[in-house]
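Heavy-atom basis, side chains included; hydrogens, waters and symmetry copies ignored.
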Amino acid sequence: MLDPRIRRLAELLVDHSTRLQAGEKVLIEAFDLPDPSLVCCLVELARAKGALPVVNWKNNTVVRSLMKHGDAETFKLIGDIEAHAMSQMAAYIGIRGAANSNELADVPSAQMQLYQEHWWHPVHLALRVPKTKWVVLRYPTPSMAQSAQRSTEDFEDFYFRVCTADYAAMAKNQEPLVALMRRTDKVRIVAPDTDLSFSIKDIPVIPCHGRRNIPDGECFTAPVKNSVNGVMTYNTKTQYQGIVFDRIRFEFKDGKIVHARCANGQDKRLNEILDSDEGARYIGEWSFGLNNEVRKPMLDTLFDEKIGGSMHLTPGNAYETADNGNRSKVHWDIVLIQTKAYGGGEVWFDGQLIRKDGSFIPTELEPLNVGLV
């Protein structure tokens with residue numbers, strides 16, 4: 001018997017996130033799912049709408065083998081095939097399980113760069129992100145529960161509660177923040193070993209409430225490309241290309257990361273990623289985390305970047321919806337939490353204190369603090 005929580009999630013993805021219409025083609029791509037229930041439910045609901053579902057079922061152990069042993073020609077062939085499929089799609093639903101979140105940890109950086117250039121970038125950054133109604137999400141697994149330091153049952157309850165939030169209320173509460181950010185020029189971020197300034201003047205501001213990510217709850221823009229100066233030290237572990245990085249510290253000069261290090265002996269790999277191309281050392285996104293149901297990191301970006309009282313400052317590619325002109329194969333959301341439990345901090349807009357220790361100060365933004373711990 002189908003878990004009713006799975007059907008509710010599938011309905012959210014079809015009705016709210018991708019807003020499927022009759023005749024639209026939708027690619028449902030699944031990685032390492034423990035069972036096909038969600039995918040089958042999505043197929044059923046898509047067909048009920050008159051949409052045309054296409055399913056791509058993947059296994060990350062197989063993907064790892066391709067990434068380790070392929071060459072540029074192999075990756076380009078796969079990229080061309082998947083890009084052709086993606087170019088026909090009106091919508092994309094990407095569901096990723098996590099049988100082993102470190103599955104790609106031993107893929108050499110040179111191979112990873114070939115993969116990004118010839119496979120990931122042409123399919124996802126060049127087509128899926130700007131051209132489709134896309135949404136990506138994780139799927140609850142015991143390994144995710146372990147990362148979250150919860151029992152499997154408790155994590156599943158948390159997962160379905162957070163993922164099927166009241167996104168209409170979330171959208172309404174974000175409106176005053178969007179208006180304020182659109183009026184703002186200078187931003188200053190202060191936290192332990194962090195003092196960073198940049199401009200967001202004339203860059204679009206995008207509220208996020210279940211259209212692109214599940215779970216959701218953020219509001220993003222991008223810094224003016226050459227305006228970032230100072231130091232940023234992230235206090236949340238992050239996993240990228242199968243490697244875990246801790247306490248990443250960036251020094252910026254005129255927008256560029258001129259010095260980068262981390263606390264767990266991965267400085268070489270960190271700088272290899274930042275040297276992937278010219279744009280990887282510039283910032284493509286800055287965002288507030290606004291989902292107060294998500295309270296502590298679990299080494300999963302889709303959850304960690306939504307933590308209430310957090311923000312992420314992203315090296316690499318800018319989204320076309322909030323474009324500062326930066327282009328890169330890299331897009332790496334790294335999180336700084338500013339609640340008291342994580343060292344606190346401040347956000348200033350044009351000389352006015354907007355957020356302190358994770359809580360917004362202006363009266364019109366106080367609904368965004370509800371439930372924040």
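- Put simply, Leu20 and Leu137 are part of the same group of oily side chains (I, L, V, M, F, W, Y) that touch within less than 4.5 Å, one to the next.
- Between the side chain of Arg295 and the backbone N or O of Asn292 there is at least one donor-acceptor pair closer than 3.5 Å.
- With sequence neighbours excluded, no residue satisfies side-chain hydrogen bond (donor to acceptor under 3.5 Å, both in side chains) with Lys131.
- For Tyr240, the ring-ring contact (aromatic ring centres under 6.0 Å, His included) criterion is met by Trp332, not counting sequence neighbours.
- Of the N and O atoms on the side chains of Asp357 and Ser359, not one donor lies less than 3.5 Å from an acceptor on the other residue.
- Here the side chains of Asp300 and Arg138 are in contact, with some heavy-atom distance below 4.5 Å.
- Looking only at distances, no side-chain donor or acceptor of Asn324 sits under 3.5 Å from a matching main-chain atom of Val224.
- Judged by distance alone, with hydrogens and angles left aside, the side-chain atoms of Thr132 form a donor-acceptor pair with the main-chain N or O of Arg128 at under 3.5 Å.
- Contact check on Asp350 versus Arg183 returns no salt bridge, with no Lys/Arg side-chain nitrogen under 4.0 Å from an Asp/Glu carboxylate oxygen.
- One finds the OG1 atom of Thr18 at 7.0 Å from the CG atom of Leu13 (value rounded to the nearest 0.5 Å).
- Here the side chain of Arg47 pairs a donor or acceptor atom with the backbone of Ala51 at under 3.5 angstrom.
- In terms of heavy-atom proximity, Gln174 sits nearest to Pro207 at OE1-CB, 3.1 Å.
- The ring-ring contact (aromatic ring centres under 6.0 Å, His included) test applied to His118 returns no partner, not counting sequence neighbours.
- Screening residues 339-370 for ring pair (Phe, Tyr, Trp, His ring centres under 6.0 Å) gives Phe288-Phe360 as the qualifying pairs, with residues at least two apart or on separate chains.
- Ring pair Tyr115/Trp119 is perpendicular by interplanar angle, where above 60° counts as perpendicular and below 30° as parallel.
- Looking at Lys133, its side chain does come within 3.5 Å of a backbone N or O of Arg19 through a donor-acceptor pair.
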- Query: Between Asp216 and Arg211, does a salt bridge (charged side-chain N to carboxylate O under 4.0 Å, His left out) hold up when you go through it step by step?
  - Reply: CA-CA 8 Å; Asp216 214 345; Arg211 297 289 198 217; over 6 Å; no

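- A cation-pi arrangement, defined by a distance under 6.0 Å to the six-membered ring centre and an angle within 45 degrees of its axis, is present between Lys225 and Tyr282.
- Here Asp267 does not pair with Arg261 in a salt bridge; the nearest charged N to carboxylate O distance is not below 4.0 Å.
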- salt bridge (charged side-chain N to carboxylate O under 4.0 Å, His left out) evaluation trace for Glu82 with Lys76: CA-CA 10 Å; Glu82 294 196 355; Lys76 187 176 186 304; over 6 Å; no

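- With sequence neighbours left out, the salt bridge (Lys or Arg N to Asp or Glu O under 4.0 Å) criterion links Asp166 to no other residue.
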- Working for ring pair (Phe, Tyr, Trp, His ring centres under 6.0 Å), residues Phe250 and Tyr234: CA-CA 9 Å; Phe250 291 151; Tyr234 302 88; 5.6 Å; yes

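- The ring pair (Phe, Tyr, Trp, His ring centres under 6.0 Å) analysis of residues 52-99, with sequence neighbours excluded, yields the pairs Tyr92-His124.
- Side chain of Lys306 to main chain of Leu302: a donor-acceptor pair is present (N/O by atom type, distance under 3.5 Å, no hydrogens or angles).
- Among all heavy-atom pairs drawn from Pro367 and Asn173, the shortest one is CB-OD1, 3.7 Å.
- Contact record, Val162 with Pro215: CG1-CB, 3.4 Å, taken as the closest heavy-atom pair.
- The closest side-chain heavy-atom distance from Val244 to Thr238 is not below 4.5 Å.
- The pair Glu346-Arg188 fails the salt-bridge criterion, with no side-chain N (NZ, NE, NH1 or NH2) lying under 4.0 Å from an Asp/Glu carboxylate O.
- Side-chain atoms of Arg327 never come within 3.5 Å of backbone atoms of Gly279 as a donor-acceptor pair (strictly under, hydrogens ignored).
- The stretch residues 198-210 participates, sequence neighbours left out, in these side chain to side chain donor-acceptor pair (under 3.5 Å) pairs: Asp185-Ser199.
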- Can you check salt bridge (charged side-chain N to carboxylate O under 4.0 Å, His left out) on Arg150 and Asp157, steps first, answer last? CA-CA 10 Å; Arg150 295 173 179 259; Asp157 290 341; over 6 Å; no

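- Between the side chain of Asp323 and the main chain of Gly325, a donor-acceptor pair closer than 3.5 Å is present.
- A donor-acceptor contact closer than 3.5 angstrom is absent between the side chains of Asn60 and Glu103.
- Under the 3.5 Å distance criterion, the side-chain polar atoms of Asn235 are matched with a main-chain donor or acceptor of Ile337.
- Hydrophobic clustering places Val43 together with Ile95 (ILVMFWY residues linked when any side-chain heavy atoms are closer than 4.5 Å, directly or through intermediates).
- Side chains of Asp333 and Thr314: a donor-acceptor N/O pair is present below 3.5 angstrom, by distance only.
- Looking at Asp304 and Lys296, no side-chain N of the basic residue comes within less than 4.0 Å of a carboxylate O on the acidic one, giving no salt bridge.
- Follow the hydrophobic side-chain contacts under 4.5 Å out from Phe220 and you never reach Leu196; the two are in separate clusters.
- A side-chain N or O of Thr74 and one of Asp71 form a donor-acceptor pair less than 3.5 Å apart.
- Of all the heavy atoms in Arg355 and Ser310, the pair that sits closest is NH1-O, 3.0 Å.
- Screening residues 174-208 for ring pair (Phe, Tyr, Trp, His ring centres under 6.0 Å) gives Phe198-Trp286 as the qualifying pairs, with residues at least two apart or on separate chains.
- Contacts of Asp254 classified as salt bridge (Lys or Arg N to Asp or Glu O under 4.0 Å), with partners at least two apart in sequence or in another chain: none.
- No side-chain heavy atom of Ile93 sits less than 4.5 Å from a side-chain heavy atom of Glu29.
- A 4.5 Å side-chain heavy-atom check between Leu45 and Arg7 finds at least one atom pair inside the cut-off.
- With contacts defined as side-chain heavy-atom distances shorter than 4.5 Å, the pair Ile206/Cys219 does not qualify.
- When only modelled atom types and interatomic distance are considered, Asn317 and Glu285 share no side-chain donor-acceptor pair under 3.5 Å.
- The minimum heavy-atom distance linking Leu270 with Cys262 is given by the pair CD2-N, 4.1 Å.
- Annotation: side chain of Gln116 is in contact with side chain of Ser276 (closest heavy-atom distance under 4.5 Å).
- No hydrogens or angles considered: a donor-acceptor pair under 3.5 Å links the side chains of Asn271 and Arg281.
- Applying the ring-ring contact (aromatic ring centres under 6.0 Å, His included) rule to Tyr167 yields the partners His16; only residues at least two apart in sequence or on another chain are considered.
- Ring to ring, Tyr319 and His331 are close: their centroids are under 6.0 angstrom apart.
- Evaluation of the salt bridge (Lys or Arg N to Asp or Glu O under 4.0 Å) rule for Lys25 yields no partner, not counting sequence neighbours.
- By the 6.0 Å and 45° rule, Arg96 does not stack over the aromatic ring of Tyr139.
- Checked by atom type and distance alone, the side chain of Asn291 never pairs as donor or acceptor with a backbone atom of Gly217 at under 3.5 Å.
- Every salt bridge (Lys or Arg N to Asp or Glu O under 4.0 Å) that Arg249 has, sequence neighbours left out, goes to Asp193, Glu251.
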